[in-house]
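Have a look at the structure below, then the notes.
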There are 2 protein chains.
Amino acid sequence: MPPSKSKRPVPASSNTKTSPALGERRASILDAIVSRYIGTAQPVGSGQVADATGLHLSSATIRSEMAQLEQEGYLAQPHTSAGRIPTDKGYRYFVDHLTTPTSASTPELKKVRTFFDEVHGELEEVLERSSTLLADLTSYASVVVAPGHTSSQVRSMQLVSLEPTSVLLLVILSDGTVDKATVTLDTPIEEAVVAEASVLLDAHCRGRQMVDISPLPSSNSPAVQAVLTAVQASVIEVEQGATNDHVFVGGPSKLADAFDAVETVRSVLSILEEQLVVVSLLRDVLNSGLSVAIGQEHGFEPLASCAVIVAPLSIDGKPAGAVGLLGPTRMQYPAAMAAANAVGAELSERLNRRKNDGGAA
Amino acid sequence: MPPSKSKRPVPASSNTKTSPALGERRASILDAIVSRYIGTAQPVGSGQVADATGLHLSSATIRSEMAQLEQEGYLAQPHTSAGRIPTDKGYRYFVDHLTTPTSASTPELKKVRTFFDEVHGELEEVLERSSTLLADLTSYASVVVAPGHTSSQVRSMQLVSLEPTSVLLLVILSDGTVDKATVTLDTPIEEAVVAEASVLLDAHCRGRQMVDISPLPSSNSPAVQAVLTAVQASVIEVEQGATNDHVFVGGPSKLADAFDAVETVRSVLSILEEQLVVVSLLRDVLNSGLSVAIGQEHGFEPLASCAVIVAPLSIDGKPAGAVGLLGPTRMQYPAAMAAANAVGAELSERLNRRKNDGGAA
DNA sequence: ATTTAGCACTCGATAGAATCGAGTGCTAGC
DNA sequence: GCTAGCACTCGATTCTATCGAGTGCTAAAT
């Protein structure tokens, strides 16, 4: 091969050589197998790998490498004389050493951008639709966990008397979010007293951040004080976001496509129904420093056949909720991760803007 | 057969003879086939019917009757030499002439009662959990459409200025529900003006029913008037409940059990994702005066293999939302209808109590 | 005039047997 | 160290045979 033009020392050979460990060649074989299996859901044989990879090796050589990879736990064989399937460990290596850059592909990224440029309105609606967007983008079920109110600025806080013994606590945040909690009182309280407490509360909280509002102010009047004391707990509840369900699940129907066993579909669906579980799952994954949890990695049995992709949301640089994707372990990691990251980043930006600009749109 | 005791002219023969039309005997054959098919999902043959029904007839006789029923469109045959399957028309006859009384069986009814005795808290939570209850009770996916605010009494109505050009409309109802809408103004308005408008609005609305609040009061100050005008549209929006999504879907995972074809599961799920469609579906069914829509009866193609059971909610005797069940056409009609009715009735009662007593619990 | 027993027939479902072929592990030679 | 070659495995596919639940029809029985 004569170098016809001296003017390209390293041609555009797009052989991204990222990963040592496991050996250059064995790695690209693994990569080829995982990619292919993700696409076809069929066990991959040595012949296919030989054809697919750039390295020119015979199937026999590939075969011996594959045997090695199996011994090391990256691959598994459904039965003798079938091709190989990636194990969780295999997928893990794949995502950790992705050759494809994890940043989003331009067309999709653009889609996300224009989506966020167009979507306006209430926060809940934005989150809800983000979730749908992410599901549509990836064809996996998505989850959006709304940020708590911890760092939000209070625009107004009020008490409204409903019954003699029950009072509604209203918290209006400067981003237009409204939260509420019903407080039951031990003894009946007059409306006028509630109103007085409300004024006091509002004056105290207005303009502060949610974190800064405890302790509540006190009053000379015992009756007013009683109301304030009763409200205390609910204020904290609201601060921590325990009051409204703030999980948005998008595209659960995608699960029916992602898994072929109907029983799997059922069990995964039923998990998505339990919002608490979902929230804590995402939190755990994030806390463990991962962005992807594959198979057993999150020690959550019922989702052993799933992979979870998480991207954090942040407001003012602090973590605030998350977006996630739920699919089979053989999911399109590069694309899905890219999408989740893109939506996460973009959504974070809008949340920031929202918060600092004030209200909607 | 000598009447051994003159003292029972018509013994406790539980032969509920409800339905003329179609002929007594043919009806009970149809009934037997439908019941059995609902249970087993297998085509039912003449032999099975002969064994199952009380009437002592040979399979041959049954057979000729079945042939008739098929010609009349109540039954269908998957293929020659298989048993019969009910058609939509067959199911329709079945539910219209239910021998089992549609009122709930006592054990379940009790469950519903104690559930509602125990559940307290925000309206949204009650509805959400009702939906889950209904799904658990029946093993079908359930839907609860929240009542609109039309007949609710306004406890307070306020405007909160968020940005110079955007105002938050807050509506607090006497049942503790809070609704909101963001109103964008054409020109920047000072906070003081918004506050003035808020006071005016609150004074006008407080204590009235949502239906009675339009038209809004007017003001001498042009600035205040401008705000009120801008708010008008959102008030109506809120009144008609267009502002927050008020559909609660329960137990979608049940669908995976109810249908065996995974493709069906997917398509039904994806329909449940579109709340607008679900709401209008239930409304249509109710408007057509039915409580059950089987197969094609609601002209909604994608749900042709489903049956929909609807029970209305009512507040002060006026229709206000609905609860629904979604399952395969071969669903356990008697039990499911009973459950839906029970939950519907009980929930209605709680809603009434809530509204008239005032706040929560 | 029904009802029923009897019978030939249909056709999906089930079970074996045969075959195919993608894939494997191993070995010997390049 | 790589590869060609080869015997071997084993699920998937196809084909055939068989089974049996169920049907429609007819002729006898009530």
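Each chain gets a letter, A, B and so on, in the order the sequences are listed, and its residues count up from 1.
Atom CZ in A:Arg84 sits about 16 Å away from atom C1' in D:dG11, given to the nearest Å. The interatomic distance linking A:Gln48 (CD) with C:dG21 (C1') rounds to 13 Å, in whole Å. Nucleotide D:dA12 holds its C1' atom 11 Å from the CD atom of A:Gln42, rounded to whole Å. When the P atom of D:dA4 is taken as reference, atom CD1 of A:Ile62 falls 12 Å away, rounded to whole Å. Whole-Å rounding puts the A:Ile85 CD1 to C:dA22 P distance at 18 Å. For the pair A:Gln68 CD and D:dC2 P, the computed distance is 12 Å after rounding to whole Å. Taking atom CG on B:Leu57 and atom C1' on C:dA5, their separation rounds to 14 Å, with Å as the unit.
Listed for the B:Glu65 side chain is no donor-acceptor partner under 3.5 Å among the backbone atoms of B:Ile29.
The shortest non-hydrogen separation linking B:Leu137 to B:Ala339 is CD2-CB, 4.3 Å.
The shortest distance between the side-chain N/O atoms of A:Thr80 and the OP1/OP2 oxygens of C:dT24 is not below 4.0 Å. Side-chain N/O atoms of B:Arg63 include none lying less than 4.0 angstrom from OP1 or OP2 on D:dA21.
The side chain of A:His79 sits closest to D:dC10 out of C:dC11, D:dG24, D:dC10. Comparing atom distances between the A:Met66 side chain and each of C:dT4, D:dT23, C:dT24 picks out C:dT24 as nearest. Comparing D:dT3, C:dC7, C:dT4 by their closest approach to the side chain of B:Thr61 singles out C:dT4. For A:Arg25, taking side-chain heavy atoms from C-beta onward, the closest of the listed nucleotides D:dT23, C:dA5, D:dC2 is D:dC2.
For A:Ser81 and C:dT24, a side-chain-to-base donor-acceptor distance below 3.5 Å is absent, hydrogens and geometry of angles not being considered.
Atoms CG and NZ, on B:Leu133 and B:Lys111 in that order, are 8.0 Å from each other to the nearest 0.5 Å.
As judged by a 4.0 angstrom heavy-atom cut-off over every strand, A:Glu65 is placed among residues making no nucleic acid contact.
A heavy-atom distance below 4.5 Å is not found between the side chains of A:Pro86 and A:Tyr93.
Side-chain contact annotation: B:Ser270 with B:Ser267, donor-acceptor N/O pair under 3.5 Å absent.
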